[in-house]
Colleague: 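This is the structure I have questions about; it appears just below.
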Amino acid sequence: MTPGLAIRPAVATRDAAAIAAIYAHHVLHGLATFEITPPDEAAIAARMKKVRDAGHPWLVAVDAAGDVVGYAYASYFHERAAYSLTCEDSIYVADAARGKGIGTALLSALVSACEAQGFRQMIAIIGGPNPASIALHARAGFREIGRLASLGRKHGRWLDVFLMQRELGAGDATAPDREPA
């Protein structure tokens, strides 16, 4: 992990602008997200509120200078009750900070937070091709479970969606403490 890197819960009033800037780069130049127009700071703050109001983690990685260099969050995979033990992750790292272990640190912290909340499965929906994200998730114990070919179109090309999954906690080996309702 990058020396001086800290992972902490995100705070919209402090972090939404930096998160919006990181995400905007990926929207405009990357293939990981299928959004075409970057959301502004207010839209990011609203997304953060929705995730946090549901009780789910939204984390930021902060470097030694105090700058937000990445973020990760988890939300329900789908909103129907039977999916309530399954979450979906999202991870973005500032372009200038890629390749420094920040994604690994964020994903590890996110997995721990989701296990503590009782989630049993985590899904990664990866647009691309995005070999770096696929490798990051594989190192964290995710396995590829499917690929949807040519599902999106961005930057003049067809994009696939890669699905990856990992168990959290006991996974499906035992019944959960609570049944979906």
Colleague: Which atoms form the tightest heavy-atom contact between A43 and P39, and what is the distance?
Modeller: CB-CB, 3.7 Å

Colleague: Running the 4.5 Å side-chain criterion over Ile, Leu, Val, Met, Phe, Trp and Tyr, what cluster does L28 land in, apart from itself?
Modeller: none

Colleague: Tell me the closest heavy-atom pair linking G171 and R120, and the distance in Å.
Modeller: O-NH1, 2.7 Å

Colleague: Tell me whether L168 shares a hydrophobic cluster with F142, the cluster being built from Ile, Leu, Val, Met, Phe, Trp, Tyr side chains joined at under 4.5 Å.
Modeller: yes

Colleague: Counting C-beta onward and ignoring hydrogens, is there a side-chain heavy-atom pair between V60 and I19 closer than 4.5 Å?
Modeller: yes

Colleague: Between R166 and E144, does at least one N-O distance fall below 4.0 Å, as a salt bridge requires?
Modeller: no

Colleague: If only atom types and distance count, is the side chain of R52 paired as donor or acceptor with the main-chain N or O of A10 below 3.5 Å?
Modeller: yes

Colleague: Decide whether V111 and L163 are clustered together by the hydrophobic rule: side chain heavy atoms of Ile, Leu, Val, Met, Phe, Trp, Tyr closer than 4.5 Å, transitively.
Modeller: no

Colleague: Same hydrophobic cluster for I44 and I36, using side-chain heavy-atom links shorter than 4.5 Å among ILVMFWY?
Modeller: no

Colleague: Please confirm whether the backbone N or O of A42 pairs with a side-chain atom of D40, one donor and one acceptor, at under 3.5 Å?
Modeller: yes

Colleague: So, taking the atom named CZ in R47 and the one named OH in Y23, what distance separates them when rounded to the nearest 0.5 Å?
Modeller: 5.5 Å

Colleague: Enter the distance from L85:CG to C114:SG here, rounded to the nearest 0.5 Å.
Modeller: 12.0 Å

Colleague: Heavy-atom distance under 4.5 Å between the side chains of T37 and V27, does that happen here?
Modeller: no

Colleague: Apply salt bridge (Lys or Arg N to Asp or Glu O under 4.0 Å) to R8 and list each qualifying residue two or more places apart in sequence or on a separate chain.
Modeller: D15

Colleague: Would you compute the distance between atom CG of D53 and atom CE of M48 and round it to the nearest 0.5 angstrom?
Modeller: 11.5 Å

Colleague: Supply the atom-to-atom distance R153 CZ to L159 CG, rounded to the nearest 0.5 angstrom.
Modeller: 8.5 Å

Colleague: Considering only residues two or more places apart or on different chains, which pairs with a residue in residues 35-70 satisfy ring-ring contact (aromatic ring centres under 6.0 Å, His included)?
Modeller: H56-Y76, H56-F119, W58-Y71, W58-Y73

Colleague: Keeping the roles fixed (side chain from H155, backbone from G30), state whether a donor-acceptor pair exists under 3.5 Å.
Modeller: yes

Colleague: Set out, in order, the CA-CA distance, both residues' side-chain angles and the distance that settles side-chain contact (heavy atoms from CB on, under 4.5 Å) for L136 and T104, then state yes or no.
Modeller: CA-CA 7 Å; L136 166 69; T104 299; 3.5 Å; yes

Colleague: If you take all heavy atoms of A109 and I7, which pair is closest and at what distance?
Modeller: CB-CG2, 3.8 Å

Colleague: Just verifying a value: how many Å separate D160 CG and I126 CD1, rounded to the nearest 0.5 Å?
Modeller: 12.0 Å

Colleague: Does M164 reach the side chain of I123, with side-chain heavy atoms less than 4.5 Å apart?
Modeller: no

Colleague: Would you say the side-chain atoms of N130 pair up with the backbone N or O of A32, donor to acceptor, closer than 3.5 Å?
Modeller: no

Colleague: Would H137 and D89 satisfy side-chain hydrogen bond (donor to acceptor under 3.5 Å, both in side chains), going step by step from the backbone distance to the final call?
Modeller: CA-CA 10 Å; H137 284 85; D89 75 322; 2.6 Å; yes

Colleague: If you define the side chain from C-beta out and look only at heavy atoms, does anything of F77 sit under 4.5 Å from M122?
Modeller: no

Colleague: With heavy-atom distances below 4.5 Å as the criterion, would you say the side chains of W158 and L151 are in contact?
Modeller: no

Colleague: Enter the distance from I125:CD1 to T33:OG1 here, rounded to the nearest 0.5 Å.
Modeller: 11.5 Å

Colleague: For the pair K154 (side chain) and L31 (backbone), establish whether a donor and an acceptor sit closer than 3.5 Å, ignoring hydrogens and angles.
Modeller: no

Colleague: For A105 and L5, work out which heavy atoms get closest and say how close.
Modeller: CB-CD2, 4.1 Å

Colleague: Could you tell me whether the side chain of V68 reaches within less than 4.5 Å of the side chain of I22, counting heavy atoms only?
Modeller: yes

Colleague: Do you know the tightest heavy-atom contact between L106 and I91?
Modeller: CD1-CG2, 4.4 Å

Colleague: Should L59 and I102 be counted in the same cluster of Ile, Leu, Val, Met, Phe, Trp and Tyr side chains packed under 4.5 Å apart?
Modeller: yes

Colleague: For C87, does its backbone N or O pair with a side-chain atom of H78 as donor and acceptor, under 3.5 Å?
Modeller: no

Colleague: May I ask whether L107 and I134 are part of the same hydrophobic cluster, defined by side-chain heavy atoms of I, L, V, M, F, W, Y residues being less than 4.5 angstrom apart, directly or through others?
Modeller: yes

Colleague: Does S84 reach the main-chain N or O of A81 with its side chain, forming a donor-acceptor pair under 3.5 Å?
Modeller: yes

Colleague: Quick one: does any side-chain atom of Q117 pair with a main-chain N or O of G55 as donor and acceptor, under 3.5 Å?
Modeller: yes

Colleague: Search all heavy atoms of G169 against all heavy atoms of E115 and return the closest pair with its distance.
Modeller: N-OE2, 3.0 Å

